[in-house]
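Side-chain atoms are counted along with the backbone in the values below, which use heavy atoms only and exclude waters and symmetry mates. We number each residue from 1, following the sequence as shown.
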Amino acid sequence: MTALERDSSQLLLVDTHVLIWMVEEAPRLGARTAEVLNRAGWENRIAVSAITPWEIGLLVSKGRLQLGSDVMQWIRTVLAKPGIRLAPLEPEIAVASTRLPFEMHADPADRILVATARHSGATLVTADGALLEMAGKGHFAAMDATA
């Protein structure tokens, strides 16, 4: 059992793909991660970055993602689920995403996710190898969503 699995107060910030996998019950989400997220949902500890609806809308508009309903309706339904809350994009997070104290790629959604995790003390749940590598260097807390 990891420290994250023992700590029932830890806020979990889900990356965009993890939110989609979680809602769609995709097999790519690891069994251990699914259990941790399920428990966190019951304890109101799952956060979705304010950049995530933008990223989902962009993916749908480019044809890279298909949802079972209109994108806005899908997002509203997900954000209305018990245990999931929207993490606002506060000015401090927006500015911090441009001033991260380590090298990071330029993807604005990833930068805002990382800044949000750092700002809120959350663990970022992701399958993004580059983000997991940065977290492994101690820049922020992360959990591999495929575990």
Side-chain angles (χ1 to χ4, degrees), residues 2 4-5 10-137 139-147:
T2 66
L4 178 60
E5 291 167 307
Q10 183 67 48
L11 181 65
L12 302 179
L13 178 67
V14 293
D15 200 342
T16 302
H17 59 275
V18 175
L19 178 66
I20 295 165
W21 294 351
M22 191 175 77
V23 171
E24 303 294 327
E25 298 180 359
R28 292 180 69 184
L29 187 63
R32 183 177 65 83
T33 302
E35 288 176 28
V36 169
L37 288 169
N38 185 50
R39 187 172 64 243
W42 282 102
E43 297 167 352
N44 196 34
R45 295 185 295 110
I46 296 177
V48 174
S49 169
I51 199 68
T52 295
W54 172 82
E55 192 169 26
I56 291 171
L58 189 61
L59 290 169
V60 169
S61 73
K62 289 183 174 186
R64 293 179 48 204
L65 175 65
Q66 292 182 349
L67 302 171
S69 61
D70 172 72
V71 66
M72 196 65 241
Q73 183 58 46
W74 190 92
I75 290 167
R76 283 189 182 120
T77 300
V78 169
L79 293 177
K81 290 182 179 288
I84 297 178
R85 57 182 141 159
L86 187 64
L89 179 52
E90 299 170 5
E92 294 82 4
I93 293 170
V95 172
S97 75
T98 70
R99 297 178 177 173
L100 294 170
F102 50 90
E103 287 296 316
M104 185 170 169
H105 55 270
D107 182 311
D110 283 353
R111 295 181 73 85
I112 288 172
L113 280 170
V114 168
T116 301
R118 289 170 54 91
H119 180 77
S120 62
T123 295
L124 178 61
V125 183
T126 186
D128 184 313
L131 293 178
L132 291 169
E133 183 178 328
M134 281 179 251
K137 294 177 181 175
H139 299 302
F140 54 94
M143 175 182 179
D144 185 346
T146 62

Are side-chain N/O atoms of T126 and D128 paired as donor and acceptor at under 3.5 Å? no
So, do T123 and L11 sit near enough that their side-chain heavy atoms are less than 4.5 Å apart? no
Measure the shortest side-chain to side-chain distance between T146 and R28 over non-hydrogen atoms and say whether it is less than 4.5 angstrom. no
Looking only at heavy atoms, what is the nearest atom pair of L86 and S49, with distance? CD1-O, 3.8 Å
Search all heavy atoms of A127 against all heavy atoms of H17 and return the closest pair with its distance. N-NE2, 2.9 Å
Surrounding CD of E92 (heavy atoms of other residues, nucleotides or ligands, distance under 6.0 Å), is the total greater than 12? yes
R85, CZ: over 12 other non-hydrogen atoms inside 6.0 angstrom: yes
Any side-chain heavy atom of R32 sitting closer than 4.5 Å to one from M143? yes
Residue pair A145 / L29: nearest heavy atoms and the distance that separates them: O-CD1, 3.5 Å
Applying ring-ring contact (aromatic ring centres under 6.0 Å, His included), which residue pairs with at least one partner in residues 44-91 are found, sequence neighbours left out? none
Can you name the closest pair of heavy atoms from I46 and M22 and give their distance? CD1-SD, 4.1 Å
Tightest non-hydrogen contact, residues A141 and A135, listed as C-CB, 4.4 Å
Looking at residues at least two apart in the chain, or sitting in another chain, which of them share a side-chain hydrogen bond (donor to acceptor under 3.5 Å, both in side chains) with E90? H119
Is the shortest distance from a Lys or Arg side-chain nitrogen in R39 or E35 to a carboxylate oxygen in the other one below 4.0 Å? no
A side-chain contact here means heavy atoms from C-beta on lying under 4.5 Å apart; do L13 and V125 qualify? no
Is there a side-chain contact between L131 and H105, using heavy atoms and a 4.5 Å cut-off? yes
